Every structure is written in structure tokens, then in C-alpha cells.
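Each remark here refers to the structure printed beneath this line.
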Amino acid sequence: MRRCRPTVFVAGCMKLWSQYFIPTLKESPADAEIASHKLLVRAGLVRKLGGGLYTYLPLGLRVLQKISQICREEIERGGGIELAMPHLHPAENWQQGPRWAAAREIMFRADSSGDGQRSPQEPEFVLGPTHEEVITPLVKAEITSYRDLPKNFFQIGTKFRNEIRPRYGLMRAREFVMMDAYSFDVDDEHAIRSYFAMKTAYENFFRRVGAHAIAVEADTGVMGGSFSHEFMVPAEIGDDDVIYNEASGYAANREKATSALVPVDLPDAAPVAAIEEFPTPGVVTIAALEAAPYAVPADQQFKTLVYVGDGKPFAVILRGSDELEEAKLGVLGFGVVRAATPAEIEPVMGAKPGSLGTVKGTIRQAGALAGIFADHAIRLIGNGTTGANKDGFHVRHVNVTRDLAITKFGDFRRVRPGEPDPKSGQPLQVRRGIEVGHVFKLGTKYSEKYGAAFTDDQKQSHPMVMGCYGIGIGRTLQAVIEQSHDADGIVWPWNVAPFQVLVCVLDPQLPEAMELARRLGAAAEQAGAEVLVDDRAERPGVKFKDADLIGIPLRLTVGGRGLKEGIIELKWRAQKEVVKVPVAEVEARIAAAVRAGAGQA
RNA sequence: CGGGGUGUAGCUUAGCCUGGUAGAGCGCCUGGUUUGGGACCAGGAGGUCGCAGGUUCGAAUCCUGUCGCCCCGACCA
């Protein structure tokens, strides 16, 4: 017979470490790069199944549930109604929607079970990466009157995205837990109201879970305001650059950030001379044209890039010194955008990349282009140099208004730190952040496509105005760790800690020690805390190290030494000091400590 | 998908260049000594060296292919 530890039952819900499951690690797994990822694994919160796939172990699950519950409460307070949609979606729902082509590459396909012999070309099912394609048809079928609006439905559940590169543990997983909400309103004004209710709910949520998240402008709306915000947790390991100015409060994702580089009242430059073609053999880069003998500064060159939007080529003009921010091409309205290949460019433009330009009359097949889009900043050039659409030639004295064929101006360049803030003119700064949430005013894109319309009090039918909202629950969990840890381990904020109180029994073989531990645990539970009792037959050093690693906010230590003196020790994970408490006073002191812990959270 | 790296016991890894018995630490099991910040001694279990081919008398080691994983870029909660 194998010897087993006898099962010990404890009153209340407190868990005995020896009978629970908290596999801590002394060393970090080799594949963990950042602090939060290492701690997730070392503290026994998660284990990896495969790339971007994680099992939540008991401790991790408890935190996930804590965060989910806080999220649920705040979204409900913001007007959300919880429901649960399938994770498996008929591909048909997506095929009828507006972004099948764009979204399918990140979707996992799921075909009917069987021997796989009859696997169709097109998937029958996909695993849901998000749920607009499911909620909108539901609302279309169920809601038809203005009397039933507004509605805001949300769920907290698993999402599947075939991320090209899963990374950093839960930060970018292929299967992850997300809160997603969808609002339906009668008009823009109400939709904006729903939007800001969600934004407020988000702010409350992040405050309660102890994550310092800042709302960052993610899109400049067409209606004079901004109706997309990302919630970013500042962190060095973030994937996104936040462009901001502290004084003015301006903050935007790099992809959407703009600057006041071009004065609004900048007059159009007058032509200086007739355009003139000149030979530039072998010159195919901005840098080469900057060099002798040409000596044209990069910020006096027009850079012409060719992209393909939904199969049609189009051109973008930037200053030679600027970089294209590809995400900004989104405003052009194409579904799928990619850089054109040299083979695609030459027949349309008349030259290979490096000699391209958009001077009127020089484009071989101007009609083939879906448009020529110019960044505002080229107006700062006024008169400059560009490619002649003839290999080995450029043209100078090119005037923006007189000579360039431009369909439309727009903001396409990537902002650089130091440029003037669009709000205040102060220099912009940059820092890294992790996107943990997103609020987005969708408009009628989906409601029109799926026919989600309502009848107003004038018997008129209108498409509903939608908003969509997401919070990465797992990502928030990891962001909290990233923001709240020290050299020894995690320092959980009270509200999301897997347990709030750890009773550390140094001599569990002493019946009186275990008996006292039970008393302390009961007192903490009575005060409203969740309690973990470390009753393992380990040396004190091991227990203290593990306690610091898993980061329970309040630690109560019961040891033979203290027992003799009639004291126990009370220590906050976030502080260094140890407070000795006479056994006679423990119940009252613990109750007060638990209230304090819950209060400051 | 492009560039770089890596795969050896549950975890961290040495060995690979220069082919010849697969090693260590942690963890685990047994016994003992310890006992307030990751103890010590003795004994023990545990490895298809990612996978498939090839070269060779002989491959963890060299070659080819393949797969997984990690890092840098484009996408996202």
C-alpha cells in the first residue's frame, strides 16, 4: 500500500495547500521572456499546452474568475445584458458579413467530424474570433421596434484567433478569454451615449482590478470627435507605441496618432520653375538622391508607394523623410490592403520602384489606379523632386498643386516623437503599452449588412447604430502581474488575489499550531476573506519563498516559536514590516486587517 | 509569411565545433540528521538526445528534410 496523507476537512471554504494544487517552480521555463510570463508559470497559475494555448491551474482560474466577475459587475452597471453565444460559428454567418475576406486568415476553421475524406474547400464552421456576425443576426430577428432600444449585450468567454505569432504567455494567445459587448441604438446620439457609458464602465473596471490603464485615442472619427479608444496598460514590453503629451492629455496609438506638423493655415506653395526631367542612372532610393551630385534633401523629395486595395492598385505620396503608417490606409475603405509587387507596379506606372512619381501625364496607365492619395505633409515640400516613371530619371521643380495628380489628401505618415501635439503644440512623447481593452463606435456597417433595422415612431425603418467593446480578461490578468510584482514574486491587488489571506503554518505537525491556524483562517473568513492555509511539511524558507511568489496580500504566520510567546505574525505582501500580534487579540486584529485590505483596494 | 535562434529526464541545462559508455543541478522516491527565508548525508527511480532519412565500423554530435518552440517585423483583446 502506498502511504497517503490523510484527508483533513476544514470548516468553511479555506483550502489546505497540501491538498490543493499549486505547483510552484524555482526556475523559470526557458520559453518565458518577460517577468509576468515567468511569474504566471512559476507561481503555478498556468501551464502551456502549445503555442498560445494555456491551461489555467486552480490559482490562475481563481484570478481569472475574480477579474471576470468584476468585469461582469461593471459592464452590467454600464447597461450591459449578459448572454452567451456559441464559440462555433456557421461559416455562412461570416460569409454574409462585411469582413469574411479580411477576417478568415485569423480564423480557425472547423469542419464536420468524420474521417476527413469529405473536407470541403470552404469551412462549414469557424471558431469565433469575435461575435458581431452572431449578435447582429440575432438582434435583427428579435428586435424590430424603437421601443426595444437601446440594448447592449455582452458575454465573457473564449475567443479563438490564429495569431500569426503568439507571444508572451497570455498576452497574445490563440485561445483567450475576452469580454465582448455590442450596443444597439436608434441613432448616433444615443450610440455615443452607449459608447461613453461603456468607456466609464471600463475605467471603473480597470480601477477595481488594480490595473493602471489609460484610455488612448485610437481613431479620429469623421464626425469631429473621437469614437474609438484603446485602453492601454503602460509597460515596457507592450506591443504598441502610445504617442502622448502629458500636459495636454493627448494620447493616441501610434497607428492613429497625428501631429500638428502641418499648420492648418499653410498656404499652397507657388511654382518656382517649369518642371524639368533629369537623368539619375541607378538612383532608386531616397538616400541615393540625397547624396552628391543630386543633393536633394529627403524632405524635399516626394516618395511614391504603390499598394493594392481589394485587387486594385493605388498610389500614396509622402515626403521622402516620412514613413507610411499602413494602418492609416484603413480610411480609404478597402477590405484587404497590401503592398504591390514590382511586377504589378511597372505596367501601371511605367517604371520600377525607385523611379516612381505622380506628376500628371507621366503615369503610364493612370486609369488603372484606384486613386492617388497624398499625405498632408507633402504640402510642406511645395516644390520638390520625384520619380519620372521612367527608369533612371527624376523630375525637379515639381509643384504640389500645379503638377501632381492627387485624388485626395489625408493623414498617412507615421508620427515621430518630438513633433507638435495636435492639441497643444507641445512636443509629443512615446512609450510602450499593452492593449487590454477597446471601445469602438461601429455605426451601421453590420446592421445594414445583416438588415438589423427598427421601426421608429414615424413608422420609418432605420438601421440600428452599433458599438462594440472588448476587454481581454487573460491579458488584463497578466498586465496586473506585469504592473504589480517585485524580485520575489507577484504582489496581488486585494480584489483579484486568488486568496486574500495566507495562513503560513511553520510547524504543521503540532496539533496546537494547526488548531490556531484554523482559528485565524476562520476569523479571516468571517471578515470576508478567502483563505489558503500552508500546512505543508516543508521548511520555513520554502514556505516563505512560495508565499512571496504567489503573492497573497496578507500573510499570517503561525510557528512554534511564536506559539511559545503567545504571538502570531501578520505581514502584508506589499510591505516589509512584520507585525507581532498576541494570540488573544488575533480575531479582532485579523478582522481589522481584512477590512483594511478590502477597503484600500 | 520574411529574418534569426533553439530542441538532451517533470524543470534548468552541459556535451555538439574536433563522431567512440549521455552527465550535472533542481524536483521526485527511500532512510537518517536537521528545522524561522529555497538544509545536509547516504541510497534510488527517471532519457526513443523532437521526428524521418542519409554519411560512417560507429551519430546527441556531421549532412538533408520535416515538425515544435523562442526572439525580431506586419495583425490583434
Side-chain angles (χ1 to χ4, degrees), chain A residues 2-3 23-34 37-38 41-42 44 47-53 67 71 102-103 105-107 129-130 156-181 202 213 218 230-233 237-240 253 255 324-327 329-330 336-339 433-440 468-479 488-489 504-510 537-549 555 557-565 568-569 571 578:
Chain A
R2 299 210 36 89
R3 284 198 309 171
T24 58
L25 259 34
K26 272 192 201 174
E27 289 177 289
S28 300
D31 59 11
E33 185 82 359
I34 63 173
H37 185 190
K38 291 176 181 169
V41 179
R42 285 191 55 210
R47 285 294 183 267
K48 182 164 78 173
L49 174 64
L53 302 172
I67 296 174
C71 184
E105 66 184 272
I106 64 144
M107 287 196 285
T130 172
I156 297 174
T158 305
K159 295 281 179 288
F160 301 87
R161 289 184 198 173
N162 194 7
E163 289 294 339
I164 303 160
R165 184 150 90 85
R167 216 188 325 199
Y168 297 146
L170 302 177
M171 273 313 168
R172 188 182 307 189
R174 292 199 285 190
E175 182 181 323
F176 56 97
V177 177
M178 174 170 142
M179 185 293 300
D180 51 321
Y202 274 39
E230 286 172 353
F231 282 76
M232 310 285 293
V233 168
I237 53 90
D239 284 334
D240 298 284
N253 189 308
E255 295 176 353
L324 173 68
E325 181 58 65
E326 284 194 23
L329 297 177
V336 180
V337 171
R338 61 171 175 84
I434 303 161
E435 185 185 349
V436 289
H438 201 155
V439 290
F440 196 86
C468 69
Y469 317 90
I471 290 177
I473 301 291
R475 194 177 269 192
T476 299
L477 188 163
Q478 191 170 342
D488 295 313
C504 201
V505 190
L506 298 186
D507 300 283
Q509 75 284 2
L510 300 177
E538 288 288 352
R539 296 168 58 83
V542 173
K543 298 187 160 210
F544 290 140
K545 285 289 181 190
D546 272 347
D548 289 343
L549 181 58
R555 188 181 86 194
T557 307
V558 177
R561 185 193 287 178
L563 228 44
K564 284 188 196 122
E565 301 171 32
I568 63 116
E569 290 164 15
K571 180 182 176 297
V578 174

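Below, all heavy atoms of this structure are taken into account, side chains as well, without hydrogens, waters or symmetry copies. Residue numbers start from 1 in every chain, and the chains themselves are labelled A, B, ... in the order their sequence lines are given, proteins ahead of strands. Values in this document were obtained by computation on a predicted structure and should not be read as measured data.
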Original post:
Heavy atoms under 4.0 Å, any strand shown: does A/Asp546 hit a base, just sugar-phosphate, or nothing?
Top reply: base
**OP:** Report yes or no: is there a donor-acceptor pair, N or O only, under 3.5 Å between the side chain of A/Arg42 and the base of B/G38?
**Re:** yes
Original post:
Counting side-chain heavy atoms from C-beta on, which of B/G38, B/G37, B/U35 comes nearest to A/Arg539?
Top reply: B/U35
Original post:
Who are the side-chain hydrogen bond (donor to acceptor under 3.5 Å, both in side chains) partners of A/Arg167, not counting sequence neighbours?
Top reply: none
Original post:
Expressed as a whole number of Å, how far does the P atom of B/U8 sit from that of B/C51?
Top reply: 10 Å
**OP:** Could you give the distance separating B/G5 and B/C41 at their C1' atoms, to the nearest angstrom?
**Re:** 42 Å
Original post:
Which pair of heavy atoms, one from A/Pro166 and one from A/Arg174, lies closest together, and at what distance?
Top reply: CG-CG, 3.7 Å
**OP:** Under the side-chain hydrogen bond (donor to acceptor under 3.5 Å, both in side chains) rule, collect the residues that match up with A/Glu175, sequence neighbours excluded.
**Re:** none
Subject >> Which residues share a salt bridge (Lys or Arg N to Asp or Glu O under 4.0 Å) with A/Asp31, sequence neighbours left out >> reply: A/Lys48
Original post:
In which ranges does RNA chain B form stems of 3 or more consecutive Watson-Crick or G-U pairs, distances under 3.5 Å?
Top reply: B:1-7 with B:67-73, B:10-13 with B:23-26, B:28-33 with B:39-44, B:50-54 with B:62-66
**OP:** Sort and list the pairs that fulfil side-chain hydrogen bond (donor to acceptor under 3.5 Å, both in side chains) and have at least one residue in residues 156-165 of chain A, not counting sequence neighbours.
**Re:** A/His131-A/Lys159, A/Lys159-A/Asp180
Subject >> Touch class at under 4.0 angstrom, heavy-atom based, for A/Ser28 against every strand present >> reply: sugar-phosphate
Original post:
Taking atom P of B/C1 as reference, at what distance in whole Å does atom CG of A/Asn162 sit?
Top reply: 10 Å
Original post:
For A/Val505 and A/Pro508, which heavy atoms make the closest approach, and how far apart are they?
Top reply: O-CD, 3.5 Å
Subject >> Residues forming a side-chain hydrogen bond (donor to acceptor under 3.5 Å, both in side chains) with A/Asp548, sequence neighbours excluded >> reply: none
Original post:
Say you pick atom P in B/C62 and the same atom in B/C16; how far apart are they, in whole Å?
Top reply: 9 Å
Subject >> Atom of A/Met179, atom of A/Cys71 and distance for their closest heavy-atom approach >> reply: CG-SG, 3.4 Å
I'd like a list of close polar pairs between nucleotides 45-48 of chain B and the protein, N/O only, cut-off under 3.5 Å.
none

Original post:
Of the non-hydrogen atoms in A/Pro129 and A/Ile106, which two are nearest, and what is the gap between them?
Top reply: CB-CD1, 4.0 Å
Subject >> Distance, rounded to the nearest Å, where A/Gln509 contributes CD and B/U34 contributes P >> reply: 14 Å
Original post:
Roughly, in whole Å, what's the span from CZ in A/Phe544 to C1' in B/G38?
Top reply: 12 Å
Original post:
For A/Glu569 and B/G37, what is the distance between atoms CD and P respectively, to the nearest whole Å?
Top reply: 11 Å
Original post:
Roughly how many Å is it from NZ in A/Lys38 to C1' in B/U12, rounded to a whole number?
Top reply: 12 Å
Original post:
Rounding to the closest angstrom, what is the interatomic distance between B/G54 and B/C72 at atom P?
Top reply: 38 Å
Original post:
If the sugar-phosphate is the primed atoms plus P, OP1 and OP2 and the base is the rest, what is the B/S/- string for nucleotides 67-77 of chain B, using protein heavy atoms under 4.0 Å?
Top reply: --SSBBBBBBB
**OP:** Rounded to whole angstrom, note down the C1' distance from B/A9 over to B/G44.
**Re:** 15 Å
**OP:** To the nearest Å, give me how far apart CG (A/Asp488) and P (B/G37) are.
**Re:** 14 Å
Subject >> Integer angstrom distance from the P of B/G50 to that of B/C11 >> reply: 13 Å
Original post:
Can you name the closest pair of heavy atoms from A/Lys543 and A/Glu538 and give their distance?
Top reply: CE-O, 3.7 Å
Original post:
Under the side-chain contact (heavy atoms from CB on, under 4.5 Å) test, which residues partner A/Glu33, sequence neighbours left out?
Top reply: A/Tyr168
Original post:
Can you tell me how far C1' in B/A14 sits from the matching atom in B/C26, rounded to whole Å?
Top reply: 15 Å
Original post:
Closest approach of A/Ala173 and A/Gly52, non-hydrogen atoms and distance?
Top reply: CB-O, 3.3 Å
Original post:
Rounding to the closest angstrom, what is the interatomic distance between B/A39 and B/G25 at atom C1'?
Top reply: 15 Å
**OP:** Under the side-chain hydrogen bond (donor to acceptor under 3.5 Å, both in side chains) rule, collect the residues that match up with A/Ser28, sequence neighbours excluded.
**Re:** none
Quick one: which protein N/O atoms are closer than 3.5 Å to N/O atoms of nucleotides 22-27 of chain B? Pair and distance per line, please.
| unit_1 | atom_1 | unit_2 | atom_2 | d |
| --- | --- | --- | --- | --- |
| B/G25 | N2 | A/Glu27 | OE1 | 3.1 |
| B/C26 | O3' | A/Lys26 | NZ | 3.2 |
| B/G27 | OP1 | A/Lys26 | NZ | 3.4 |

Original post:
Residues two or more places apart in sequence or in another chain: which of them pass ring-ring contact (aromatic ring centres under 6.0 Å, His included) with A/Tyr469?
Top reply: none
**OP:** Measure the CZ-CG distance between A/Phe160 and A/Leu53 for me, rounded to the nearest 0.5 Å.
**Re:** 9.0 Å
